[in-house]
Amino acid sequence: MAAGPRVLNVNVGVLGHIDSGKTALARALSTTGSTAAFDRAPQSRARGITLDLGFSCLRTALPPQLGPGPGELQFTLVDCPGHASLIRTIIGGAQIIDLMMLVIDVTKGMQTQSAECLVIGQIACQKMVVVLNKIDLLPEGKRQSAIEKMTKKMQKTLENTKFCGCPIVAVAAKPGGPEAPESENPLGVSELIEVLKSQAYLPSRDPSGHFLMAVDHCFSIKGQGTVMTGTILSGSVSLGDNVEIPALKVTKKVKSMQMFHTPVTYAMQGDRVGICVTQFDPKLLERGLICTPESLHTIHAAIISLKKIQYFRGALQTKAKFHITVGHETVMGRVMFFSPAPADFNEEVKENTFDFDKDYLYQEVYLSKDSNSSENKENDQAGEVQLPSQQWALLEFEKPVTCPKLCLVIGSKLDTDIHANTCRLAFHGVLLQGMEDKNYMETFLPKLKVYKLKHKEGQVERVMDDYSVIGRSLFKKETNIQIFVGLKVKLSTGEDGIIDGGFGQSGKFKIRIPDGLKPETKTLLTTASKKKSKAGKGDATKEDESSKNDSVQPVTISLMFKRYVFDTHKKMIQS
Ligand SMILES: Nc1nc2c(ncn2[C@@H]2O[C@H](COP(=O)(O)OP(=O)(O)OP(=O)(O)O)[C@@H](O)[C@H]2O)c(=O)[nH]1
Ligand SMILES: [Mg+2]
């Protein structure tokens, strides 16, 4: 470890709607700039928007809650882009921060991407500070009352979020806007620094486990090698360690390391470091992960636990495609939702594990208060829809992704029109099980016991004798009835029956009633048959005709069974 005073690092994300003044605020806050801060990229400057994460830092005295003893607190400011199209970068940025600043243009209030950032913050961050920026644009006489009004509004917005009651600070990061001289001093920034200090906490710092680092910049230094800078997400790293760049499948030795311009020999979770390796072309890696060799897995499909994002309009449909951010990568993927089997509905589920021994119920749509699918009609009749405490999804990716175990997953509809003023983030969850085998369909999925409940209805055509009836309209003409032989059915009059075999060529079948038909049922059926044969006089010989003629029969037959979605034999199972 480096000698000298103790320095603690806290990553502070700067998030908010486009043009709210995030970059201006980061600039006002920082005393030391680091690589690629402040829209240094030429494309960024030309367009006046932030295209990538910007890093800068600010050092202050250690606040009392992080004491005792001498030392310094370093805030690494992670300036995120605001433009809607860059939401993937924002999600990546949010996963490395400990404390989030949500920047709001005080003259505009909450805007579409402020809301999306708030959602991301709720998923990925512990703490938040709201910054009302551009207060210089409020007429001086009415400034205070306008700030108070917006503060109240924000408090209301945050009421039902985990950030309820968080500090709200009013500033002007760049009074006068872009044309104002640099000498114009920002307003409220020293107050904001005090608030940040009061909110700072020691993020979890645990040197155990695999080393994993989110790299945000990669560049070469003549005569030294290639430097990758980033935040250590887990584990630790020492000089001489081998680290893998999984996206490129190469392993390199750590030649030297720096933490904010100071050489170090060791760094751990929460630290921001630059790692120098040799013989590696920096052009090959821009953004990405490096890790302990072979500690990440590359997966083609995954099982996740998930929750719908409340602000997402519309239902989450099975088979729909989403943009899926898995850890730090985003790919297209298809989803299939499933819930606990009814028997396990109220059972506590263990966090971060998936139980392959249990049965799960396939769902056409994710069950939520607003999902009024016909599937849930039976549930609905009780009034309120009963929702399970946990639901899951199977994700099938269009391209394999490389990610750590148990990483964060966010599903979004990024193809939604960015001017549509709606939340594009649809669900979030935890990756419970990845499937590394390309042939997971054959090798893995059969282990996943998700079933569909099938319900078929038909009618009793006529009585054969006291212990058997002929049924119809349950199967199609071409159905191989043989595979249904032996399955149990129930008559609407209460009798249990067993499918005995086909009858004729038109999909009719024979049902055996082991306990015999009730006399009432027999009467009911005989009267109905008589009526029918009268009506159909002349054609009575044509069996086929009568099955098309859907005259109402008084007794219905219902067949219920479950079938596992991934069972290659398509077995029908009855309890
Ligand atoms: N009047 C006034 N203008 C400001 C203030 N802060 C920022 N601006 C202006 O608002 C515009 C946007 O500022 P940026 O800091 O680039 O905004 P941003 O949120 O980083 O934008 P993106 O990164 O593209 O989302 C610039 O023209 C700034 O000069 C402020 O406190 N007062
Ligand atoms: Mg910016």
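In this chain, numbering begins with 1 at the start of the sequence shown.
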- Which heavy atom of G121 sits nearest a heavy atom of F163, and at what distance? O-CZ, 3.5 Å
- State whether the side chain of Y201 and the backbone N or O of Q126 hold a donor-acceptor pair below 3.5 Å, judged by distance alone. no
- Query: Parallel, tilted or perpendicular: which describes the rings of F354 and F338, with under 30° parallel and over 60° perpendicular?
  - Reply: perpendicular
- Item | Pair T112, N421: side-chain N/O donor-acceptor within cut-off below 3.5 Å | yes
- Message: Nearest 0.5 Å, please: how far is OG in S20 from NZ in K134?
- Response: 7.0 Å
- Message: Between K162 and C125 (side chain of the first, backbone of the second, donor and acceptor by atom type, cut-off under 3.5 Å), is there such a pair?
- Response: yes
- Between OG on residue S198 and CG on residue L196, distance to nearest 0.5 Å: 7.5 Å
- Query: Are Q391 and S339 close enough, and set up right, to give a side-chain hydrogen bond (donor to acceptor under 3.5 Å, both in side chains), and what steps lead you there?
  - Reply: CA-CA 5 Å; Q391 294 179 64; S339 64; 5.6 Å; no
- Item | Side-chain donor/acceptor of D105 to backbone N/O of T107, under 3.5 Å | yes
- Check: K413 side chain, K321 main-chain N or O, donor-acceptor pair, under 3.5 Å: yes
- Query: Any donor-acceptor pair under 3.5 Å linking the side chain of K449 with the backbone of D357?
  - Reply: yes
- Query: Given R272, which of N9, T231, N11 fulfils the side chain to side chain donor-acceptor pair (under 3.5 Å) condition?
  - Reply: T231
- Item | Residues V243, T292; criterion side-chain contact (heavy atoms from CB on, under 4.5 Å); working and verdict | CA-CA 5 Å; V243 294; T292 303; over 6 Å; no
- Spacing of OG1 belonging to T60 relative to CZ belonging to F75, to within rounding of 0.5 Å: 5.0 Å
- Query: Are Y360 and Y362 close enough, and set up right, to give a ring-ring contact (aromatic ring centres under 6.0 Å, His included), and what steps lead you there?
  - Reply: CA-CA 7 Å; Y360 299 92; Y362 171 93; over 10 Å; no
- Message: Rounded to the nearest 0.5 Å, what separates atom CG in D98 from atom CG in L202?
- Response: 9.0 Å
- Message: Whether the side chain of T443 engages the backbone of N439 through a donor-acceptor N/O pair (distance < 3.5 Å, no angle test) should be reported.
- Response: yes
- Nearest heavy atoms of A124 and A94, plus distance in Å: CB-O, 3.8 Å
- Task: For residues C407 and G327, report the shortest heavy-atom separation together with the two atoms involved.
- Result: SG-N, 3.6 Å
- Polar side chain donor-acceptor pair, E116 to Y311, under 3.5 angstrom: no
- Task: Run the salt-bridge test on E396 and R334 with the 4.0 Å N-O cut-off and return the result as yes or no.
- Result: no
- Message: Quick check for you: to the nearest 0.5 Å, what is the distance between L102 atom CG and H17 atom NE2?
- Response: 11.5 Å
- Message: Please tell me whether T298 and T402 have a donor and an acceptor in their side chains that are separated by less than 3.5 angstrom.
- Response: yes
- Does a side-chain heavy-atom distance below 4.5 Å link L406 with L431? no
- Can you name the closest pair of heavy atoms from H300 and E436 and give their distance? CD2-O, 3.3 Å
- Message: Looking at A180, is its backbone amide N or carbonyl O close enough to the side chain of K174 to form a donor-acceptor pair, meaning the two atoms are under 3.5 Å apart?
- Response: yes
- Separation of L395 CG from I324 CD1 (nearest 0.5 Å): 4.5 Å
- Short question: side chain of Q269, backbone of D206 - any donor-acceptor pair under 3.5 Å? yes
- Note on the structure: Closest non-hydrogen contact found for V119 with C423 is CG2-SG, 4.4 Å
- Query: Any side-chain donor-acceptor pair under 3.5 Å between T229 and D216?
  - Reply: yes
- Message: Can a side-chain donor-acceptor contact be found between E244 and T251 if the only test is distance below 3.5 angstrom?
- Response: no
- Message: Is there a side-chain contact between D271 and M259 in this structure, where contact means two heavy atoms from C-beta onward sitting under 4.5 Å apart?
- Response: yes
- Message: Run the side-chain contact (heavy atoms from CB on, under 4.5 Å) test on Y440 and L445 for me, step by step, so that the C-alpha distance in whole Å, both residues' side-chain angles and the decisive distance to 0.1 Å come before the verdict.
- Response: CA-CA 6 Å; Y440 65 90; L445 288 185; 3.9 Å; yes
- Message: Can you tell me which residue among Y366, F312, F322 is in a ring pair (Phe, Tyr, Trp, His ring centres under 6.0 Å) with F427?
- Response: F322
- Is a side-chain N or O of T226 found less than 3.5 angstrom from the main chain of F280, in a donor-acceptor match? yes
- Query: Side chains of V10 and L73: closer than 4.5 Å at any heavy-atom pair?
  - Reply: yes
- Flag the pair I221 / C276 as yes when at least one side-chain heavy-atom distance between them is below 4.5 Å, and no otherwise. no
- Task: Determine, for D79 against K22, whether the closest basic-nitrogen to carboxylate-oxygen distance falls under 4.0 angstrom.
- Result: no
- Task: Please lay out, stage by stage, how V409 and T325 fare under the test side-chain contact (heavy atoms from CB on, under 4.5 Å).
- Result: CA-CA 6 Å; V409 178; T325 307; over 6 Å; no
- For residues P186 and A173, report the shortest heavy-atom separation together with the two atoms involved. CB-O, 3.6 Å
- How about L8 and Q74: do any of their side-chain heavy atoms sit closer than 4.5 Å? no
- Within-4.5 Å side-chain heavy-atom neighbours: T318 and V335: no
- Minimum side-chain heavy-atom gap M128-L158 below 4.5 Å: yes
- Task: Carefully, step by step, assess I275 and V227 under the rule side-chain contact (heavy atoms from CB on, under 4.5 Å).
- Result: CA-CA 5 Å; I275 289 183; V227 175; over 6 Å; no
- Message: Test your reading of the model: is there a side-chain donor-acceptor pair from Q65 to the backbone of K197, 3.5 Å cut-off?
- Response: yes
- Message: Would you say that P340 contacts W392 through its side chain, given a criterion of any heavy-atom pair below 4.5 Å between the two side chains?
- Response: yes
